[in-house]
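As structure tokens, the structure follows; a few thoughts come after it.
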2 protein chains.
Amino acid sequence: MASLQEVARRAKVSIATVSRVLNKSDKVVAGTRAAVERALRELDYRPSRVARRLRKKDGRAHLVGLIIPDIQNPFYAELARGMEDAAYASEYALLLCNSDENIEKERFYLGVMQAESVDGIVLPPLSETDAAVEEVMATGMPVVCVDRSLSRARTDLVEVDNYRGAYEAVTHLLDKGHRRIGLIEGRSQVSTNRERRRGYADALAAAGLGSREELIRAGDFRQESGRLLAGELLDMKRPPTALFVLNNLMTVGALAAIHQRQLRVPQDIAVVGFDDLPWAESLDPPLTVVRQPAYDVGRQAMELLLRRIMEAGRPPVTVRLLPQLIARRST
Amino acid sequence: MASLQEVARRAKVSIATVSRVLNKSDKVVAGTRAAVERALRELDYRPSRVARRLRKKDGRAHLVGLIIPDIQNPFYAELARGMEDAAYASEYALLLCNSDENIEKERFYLGVMQAESVDGIVLPPLSETDAAVEEVMATGMPVVCVDRSLSRARTDLVEVDNYRGAYEAVTHLLDKGHRRIGLIEGRSQVSTNRERRRGYADALAAAGLGSREELIRAGDFRQESGRLLAGELLDMKRPPTALFVLNNLMTVGALAAIHQRQLRVPQDIAVVGFDDLPWAESLDPPLTVVRQPAYDVGRQAMELLLRRIMEAGRPPVTVRLLPQLIARRST
DNA sequence: TAAATTGCTGTAAACGATTACAAGAACGTT
DNA sequence: AACGTTCTTGTAATCGTTTACAGCAATTTA
């Protein structure tokens with residue numbers, strides 16, 4: 001790879017001059033500029049982002065980080081895609097890591113990102129009191145939370161109105177006549193899970209029903225836990241007539257448990273899932289879901305991050321997006 | 001962030017000594033070492049990967065790149081996951097980018113990776129004659145191809161026996177009595193697509209059947225093209241009795257087209273898809289697929305890359321993994 | 001006891017960029 | 001003609017590391 005040195009030598013100027021024509025900042029007389037540009041072209045010069053990042057401070061690295069809990073979850077894939085598109089449009093590269101909902105991995109990758117001097121980080125915190133994230137923020141690193149929020153720290157945040165989504169989903173089930181509605185939740189340390197659960201409880205309460213502990217099961221957002229917990233619920237002496245499952249992967253797992261028991265949906269058991277899936281339409285039966293605008297969450301997070309990088313002092317803002325109940329045939 | 005300078009000052013030694021205890025390489029007497037280690041701890045020192053990378057050459061950055069065509073495709077998500085796990089196990093970070101099957105984006109990200117001085121790159125080339133990839137390889141950058149191969153360049157490669165997978169899938173359909181088997185292929189420039197198509201044609205030929213052009217449609221690997229092309233095939237005067245779809249997303253699209261026309265699977269139309277899906281079991285009906293070991297492809301690619309980084313001169317190897325036909329109820 | 005060897009540590013030069021400052025040329029002003 | 005500007009370019013410091021080399025003290029050898 002050609003370096004500034006080599007270009008300078010070929011163009012018979014100093015490296016400072018070459019750097020100036022590259023950064024289009026200072027004045028360089030036309031003749032010199034042309035000579036430099038020719039050398040640049042002839043050597044196919046590409047600046048080293050590494051060297052550049054070492055020298056420049058704050059927001060000029062054109063590199064941002066995204067840490068997602070599970071790359072195999074279509075919700076996060078869509079979110080990543082939205083962020084990626086926004087980043088690419090601004091010529092930022094994305095350092096994408098997968099924490100696997102694992103605090104050690106998150107810590108490792110946060111460390112990597114700091115050590116890589118990224119301009120900023122986007123992530124859904126692993127819990128509402130994610131100390132690792134708080135520590136990174138304390139160093140002055142721009143951080144934007146997506147999907148999930150932090151309880152202690154004030155950050156830029158792009159979230160979805162989870163409470164409302166859950167409330168509507170349960171109300172929908174209630175309207176269909178269901179009274180025993182099972183809940184399969186995920187990790188209770190995360191804010192989205194709590195909001196959704198609150199929406200579930202309030203919707204039941206508004207219908208004059210209490211939420212019954214025996215109909216609630218807590219999992220870990222993974223497909224397998226959805227399958228297991230749905231199984232437990234279905235095998236009860238008096239099983240629920242409907243299931244509300246708090247994320248997409250657990251919903252798929254619940255469906256597997258249902259099919260395994262040869263139950264009919266929605267006659268024997270109705271199902272509503274949180275998060276849409278690109279193939280929800282082709283599931284058996286087409287799945288009723290609360291759709292989250294994941295792509296927009298990612299896109300707006302990147303935009304917020306860009307603004308925070310440009311202007312570190314600005315007060316944090318929260319963008320709240322609306323989910324949408326899509327009634328298909330599982331209810 | 002504390003730098004070597006600050007640590008050195010606090011421990012009252014030179015930066016060289018600090019660097020030495022960090023790299024455990026040279027001899028440092030116990031007392032000095034202890035003092036340095038204390039300073040390191042007190043200042044919570046973390047080395048700058050950027051500075052380190054600038055100084056060191058070749059394979060010490062502990063950063064590798066992965067460029068995937070579509071992060072929303074579960075096959076690539078699984079592959080990425082396999083690679084990520086292997087990378088994490090060796091304490092490598094992953095720079096993950098999404099090319100969107102777009103040559104411009106791929107070029108952009110290849111440039112970023114070179115400029116970031118990654119230790120190596122893993123990717124499925126966008127076509128068999130992907131010039132951008134060849135150019136990067138020519139600079140000496142370690143490159144491992146996954147899934148898809150390059151026709152001109154010799155690289156390390158982890159691939160799946162696509163020919164065999166397709167051959168078995170079509171044979172399976174033939175065994176079920178189908179004679180008019182439609183094919184929905186993806187981008188014909190990519191090696192996997194060609195191999196799969198060759199498997200399709202050969203399986204038909206082995207049964208004494210020619211492949212008929214009117215039953216073949218070419219798409220772009222995306223869900224929407226699967227839906228459209230399946231629609232075309234289904235709306236023919238004499239439609240095929242079975243569909244073989246060359247990737248997962250197009251299969252999901254094809255399923256949508258089938259459901260839209262209220263056809264029964266497999267009675268009216270049988271379907272086999274290439275690539276498994278975590279929820280293939282819960283589709284309507286459970287989908288017969290050719291399963292690829294995507295996780296292993298990713299994992300082995302990372303291992304190959306590591307070996308190539310360590311030993312640049314070694315001859316390229318090809319690892320060929322076997323796909324597996326999983327007969328469910330769509331055939 | 002002087003010389004040679006060994007062991008530990010410090011000095012300084014990279015890596016490849018950016019940028020403050022200096023310097024020289026060209027120009028205008030008085 | 002002398003001086004002050006302005007414009008363009010070069011010199012050198014810097015970012016945070018690694019590492020070749022030098023230097024010094026302690027130890028071994030003659």
Side-chain angles (χ1 to χ4, degrees), chain A residues 1-37 39-40 43-63 111-119 139-140, chain B residues 1-37 39-40 43-63 111-112 114-119 139:
Chain A
M1 286 262 72
S3 73
L4 264 199
Q5 282 288 358
E6 306 173 50
V7 176
R9 203 174 313 134
R10 176 176 273 251
K12 300 195 200 311
V13 297
S14 75
I15 57 169
T17 302
V18 179
S19 178
R20 274 188 279 259
V21 346
L22 283 172
N23 297 308
K24 312 192 187 306
S25 55
D26 266 348
K27 314 246 170 229
V28 176
V29 85
T32 318
R33 171 177 302 266
V36 170
E37 274 165 354
L40 249 16
L43 292 172
D44 187 28
Y45 170 80
R46 328 269 192 92
S48 158
R49 294 171 67 102
V50 179
R52 188 195 297 256
R53 191 140 86 254
L54 182 58
R55 189 73 219 310
K56 290 204 155 179
K57 296 287 98 173
D58 301 337
R60 320 281 283 106
H62 271 230
L63 179 67
V112 167
M113 286 181 182
Q114 288 194 277
E116 288 288 350
S117 309
V118 299
D119 296 329
T139 69
Chain B
M1 288 265 66
S3 72
L4 264 198
Q5 282 287 359
E6 307 173 51
V7 175
R9 203 174 312 134
R10 175 175 273 253
K12 301 197 200 307
V13 297
S14 74
I15 57 170
T17 303
V18 180
S19 177
R20 274 188 278 258
V21 346
L22 283 172
N23 296 308
K24 312 192 186 310
S25 56
D26 266 351
K27 313 246 172 231
V28 177
V29 84
T32 318
R33 170 177 302 266
V36 170
E37 273 166 355
L40 249 18
L43 292 173
D44 187 30
Y45 170 81
R46 328 267 192 93
S48 159
R49 293 172 68 101
V50 179
R52 190 193 294 256
R53 191 139 86 254
L54 182 58
R55 188 77 217 317
K56 289 202 155 180
K57 298 286 99 177
D58 301 338
R60 318 282 283 107
H62 271 232
L63 179 68
V112 167
Q114 288 194 277
E116 287 288 351
S117 310
V118 298
D119 295 331
T139 69

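Because the structure is predicted, anything quoted here is derived from the model rather than measured. Just so it is clear: chains get the letters A, B, ... in the order the sequence lines come, proteins before strands, and each one is counted from 1.
- Between A:L54 atom CG and C:dC15 atom P the separation is 14 Å, expressed in whole Å.
- The separation between A:H62 atom NE2 and C:dT18 atom P is 13 Å, rounded to whole Å.
- Contact check for A:V112 versus B:L63: no side-chain heavy atoms found under the 4.5 Å cut-off.
- Using a 4.5 Å cut-off on side-chain heavy atoms (C-beta onward), A:V50 and A:L54 make no contact.
- Contact annotation: B:S14 does not reach the phosphate of C:dT11 (side-chain N/O to OP1 or OP2, under 4.0 Å).
- B:V13 has its side chain out of reach of B:V21: every pair of non-hydrogen atoms, C-beta onward, lies at least 4.5 Å apart.
- Protein atom CZ of A:R53 is 17 Å distant from nucleotide atom C1' of D:dT14, rounded to whole Å.
- Within 4.0 Å (heavy atoms only), B:V50 reaches no atom of the nucleic acid at all.
- Between the base of D:dG16 and the side chain of A:R55 there is no donor-acceptor pair shorter than 3.5 Å.
- In this structure, A:R52 reaches the C:dT18 phosphate: one of its side-chain N or O atoms is under 4.0 Å from OP1 or OP2.
- What separates CD of A:E6 from P of C:dG16 is a distance of 8 Å, to the nearest Å.
- Taking atom CZ of A:R20 as the reference point, atom P of D:dT11 lies 11 Å away to the nearest angstrom.
- Between A:V36 and A:V28 there is no side-chain heavy-atom pair separated by less than 4.5 Å.
- No side-chain heavy atom of A:R10 sits under 4.5 Å from any side-chain heavy atom of A:V18.
- With DNA chain D read from its 5' end, the first of the two nearest nucleotides for A:I15 and A:T32 is the one closest to A:T32.
- Distance A:N23 CG to C:dT19 P: 7 Å, rounded to the nearest Å.
- Looking at heavy-atom distances under 4.0 Å, B:R46 makes contact with sugar-phosphate atoms alone, never a base.
- Note on A:S19: a side-chain N or O is less than 4.0 Å away from OP1 or OP2 of C:dT18.
- One can place NZ of B:K56 at 14 Å from C1' of C:dA14, the figure rounded to the nearest angstrom.
- Whole-Å rounding puts the A:L4 CG to D:dA12 P distance at 17 Å.
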